[in-house]
Protein chains: 2
Amino acid sequence: MSGEVRWLTEAEQETWRAYMTANVEFSAYIDRQMRRDSGMPMAYYEILVRLSEADGRCLRMSELARASLSSRSRLSHAVSALEKTGWVTRRPADGDRRGWVCELTDAGYAALAAAAPGHVTAVREKLFDVLTPEQLDALRDIGRAISAGLRQECDAAAAEGCEEEPC
Amino acid sequence: MSGEVRWLTEAEQETWRAYMTANVEFSAYIDRQMRRDSGMPMAYYEILVRLSEADGRCLRMSELARASLSSRSRLSHAVSALEKTGWVTRRPADGDRRGWVCELTDAGYAALAAAAPGHVTAVREKLFDVLTPEQLDALRDIGRAISAGLRQECDAAAAEGCEEEPC
DNA sequence: CCACATAGCTTGAGAGTTCAACCACCCCTA
DNA sequence: TAGGGGTGGTTGAACTCTCAAGCTATGTGG
């Protein structure tokens, strides 16, 4: 590949380890709380939230996938499951006969409303209550920077004409 | 429950969303890189790393579970899989006849050595290269604070005699 | 207007995770 | 020393996720 590997220094390893450990533990905690108290994984809750925020409480599958940070495949399986519990419905999109629209049902909204308090409380206690305002500001900027760095993948290559592998 | 829910403000929602999005996207990217280039999920890589750092390249199952941020059950399944590929072996622990010791094999060490460069490169490019030194320092402290907050769960209750639910 | 590439979404199979038992053993106490 | 609770670890089933097709519909160059 492209030259030598830039290994992590001791200090960098500590940072990396602290970040990664917190990530794993925190998301495990949040996901566990959601499963235990509301019987659904966080990924499903995320889908319901995105739908509830959308106009008419419905979204095209592809948009819902992007909004809920999910792959098309994953979303498809998840929506099938949510359909079985009666929390969403699926209908053909008008205009493009390939597309489908997913809509949050009243039962789905009720489930979301029931799950929200416990979830928000967990997030507040385990994130906002343990960090200073300065740390929270920093965390927001850090999060944005990381996301931006990940997105710029093919963007950069595409902008330059994609000399390397096609994206 | 204990009073009203402390909902998130607009600003807090932005912070939460930025943090959570970065987490999901980043860990998905790292895990995907590992699966694609080395044929194992990050959780397995983590197990191999912890073993490689241990004395004699072996650890008790319970210690390995803690070190690799994994539940007992998950580790048990994972080690079964890693045993099949020949990357680790399991043998009874001496002293405690309930216990088992997991040991990294030479093949396992080779697999780890092969996987490390790609992994470290991904982490450097997508984390260390996109953040400033100040942000990295902040991230380390933030990570520690979050982990500490999660750990203090039953600790506090236990210290006070656990008046509420038994842990 | 006909290929042919691409977009939108689904499906099936295999892999990994979670949860709730479960077994075997250790340790403490009566 | 027998009972009983706690620890170490495994197992199976249900569930979720990933990957690689696959299928239908759109759009585009000839």
Side-chain angles (χ1 to χ4, degrees), chain A residues 24-25 27-47 58-85 88-102 166-167, chain B residues 24-25 27-47 58-85 87-102 154 158 162 166-167:
Chain A
V24 171
E25 292 178 344
S27 44
Y29 179 83
I30 295 294
D31 191 58
R32 210 167 131 54
Q33 184 277 328
M34 184 57 69
R35 286 175 193 263
R36 182 167 24 81
D37 298 349
S38 305
M40 68 180 136
M42 261 306 289
Y44 287 21
Y45 179 81
E46 189 63 21
I47 290 170
C58 63
L59 279 175
R60 280 286 292 262
M61 290 296 284
S62 51
E63 292 172 33
L64 182 53
R66 218 172 322 106
S68 63
L69 309 173
S70 174
S71 69
R72 286 178 192 285
S73 172
R74 172 148 76 143
L75 181 67
S76 201
H77 285 296
V79 166
S80 297
L82 288 171
E83 219 171 9
K84 264 175 206 147
T85 72
V88 306
T89 55
R90 222 173 340 194
R91 63 164 185 275
D94 38 40
D96 187 340
R97 278 192 299 173
R98 296 167 298 181
W100 289 83
V101 170
C102 183
C167 313
Chain B
V24 171
E25 291 178 345
S27 45
Y29 178 84
I30 294 294
D31 191 59
R32 212 167 130 55
Q33 184 277 327
M34 185 57 68
R35 286 175 193 262
R36 182 167 25 81
D37 297 350
S38 304
M40 66 179 138
M42 261 305 289
Y44 287 22
Y45 179 81
E46 190 64 20
I47 290 170
C58 60
L59 280 175
R60 281 286 292 263
M61 289 296 283
S62 50
E63 293 173 31
L64 182 53
R66 216 172 324 108
S68 62
L69 309 174
S70 173
S71 70
R72 287 176 192 286
S73 171
R74 171 148 77 143
L75 180 67
S76 200
H77 287 296
V79 166
S80 295
L82 288 171
E83 217 171 12
K84 262 176 205 146
T85 71
W87 290 350
V88 306
T89 56
R90 222 172 343 193
R91 64 164 187 277
D94 39 40
D96 188 339
R97 278 193 300 174
R98 294 166 300 179
W100 290 82
V101 170
C102 183
C154 292
C162 211
C167 313

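Below, read A as the first sequence line, B as the second, and so on, with proteins coming before strands; counting in each chain starts at 1.
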Please set out all donor-acceptor pairs under 3.5 angstrom arising from side-chain atoms of residues 30-46 of chain B, sequence neighbours excluded.
residue, atom, partner, partner atom, Å
B/Asp31, OD1, B/Met42, N, 2.8
B/Asp31, OD2, B/Arg35, NE, 2.7
B/Asp31, OD2, B/Arg35, NH2, 3.4
B/Gln33, NE2, B/Asp37, OD2, 3.0
B/Glu46, OE2, A/Arg17, NH1, 3.0
B/Glu46, OE2, A/Arg17, NH2, 2.9
B/Glu46, OE2, B/Arg50, NE, 3.1
B/Glu46, OE2, B/Arg50, NH2, 3.1

Under 3.5 Å, which donor-acceptor pairs link side chains of residues 72-81 of chain A to any protein atom two or more places apart or in another chain?
residue, atom, partner, partner atom, Å
A/Ser80, OG, A/Ser76, O, 3.0
A/Ser80, OG, A/Arg90, NH2, 3.1

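Among the heavy atoms of the strands lying under 4.0 Å from A/Ala43 are primed sugar atoms or P, OP1, OP2 only; no base atom is included. At a threshold of 4.0 angstrom between heavy atoms, the contacts of A/Ala81 with the nucleic acid are absent.
Here the shortest heavy-atom pairing between A/Cys58 and A/Arg91 reads SG-NH2, 3.8 Å.
Residue A/Glu63 holds its CD atom at 12.0 Å from SG of A/Cys102, rounded to the nearest 0.5 Å.
Qualifying side chain to side chain donor-acceptor pair (under 3.5 Å) partners for B/Arg98, counting only residues two or more places apart in sequence or in other chains: B/Asp96. Every residue meeting the side-chain contact (heavy atoms from CB on, under 4.5 Å) condition with A/Val24, not counting sequence neighbours, appears here in chain and number order: B/Leu69. For B/Arg97, there are no side chain to side chain donor-acceptor pair (under 3.5 Å) partners at least two apart in sequence or on another chain. Annotation: side-chain contact (heavy atoms from CB on, under 4.5 Å) contacts of B/Ser27 (sequence neighbours excluded): none.
Nearest-nucleotide mapping onto DNA chain C: of B/Ala78 and B/Gly95, the residue sitting toward the 5' end is B/Ala78. Between A/Gly39 and A/Arg97, the residue anchored closer to the 5' end of DNA chain D is A/Gly39, taking for each the nucleotide with the nearest heavy atom.
The CE-C1' distance, from A/Met42 to D/dC15, rounds to 18 Å in whole Å. Counting to the nearest Å, the P atom of D/dC15 and the OH atom of A/Tyr44 are 10 Å from each other.
Direction change of the helix axis from one end of the helix from C/dC1-D/dG30 to C/dA30-D/dT1 to the other is 10°, with five pairs defining each end axis (rounded to 10°).
Read 5' to 3', the first and last nucleotides of DNA chain C with an atom closer than 4.0 Å to a heavy atom of chain A are C/dA7 to C/dC19.
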Under a 4.0 Å heavy-atom criterion, the protein footprint on nucleotides 5-12 of chain D, written with B, S and -, is -BBSBBBB
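Taking 4.0 angstrom as the limit, B/Arg32 places a side-chain polar atom (N or O) nearer than this to OP1 or OP2 of D/dC19.
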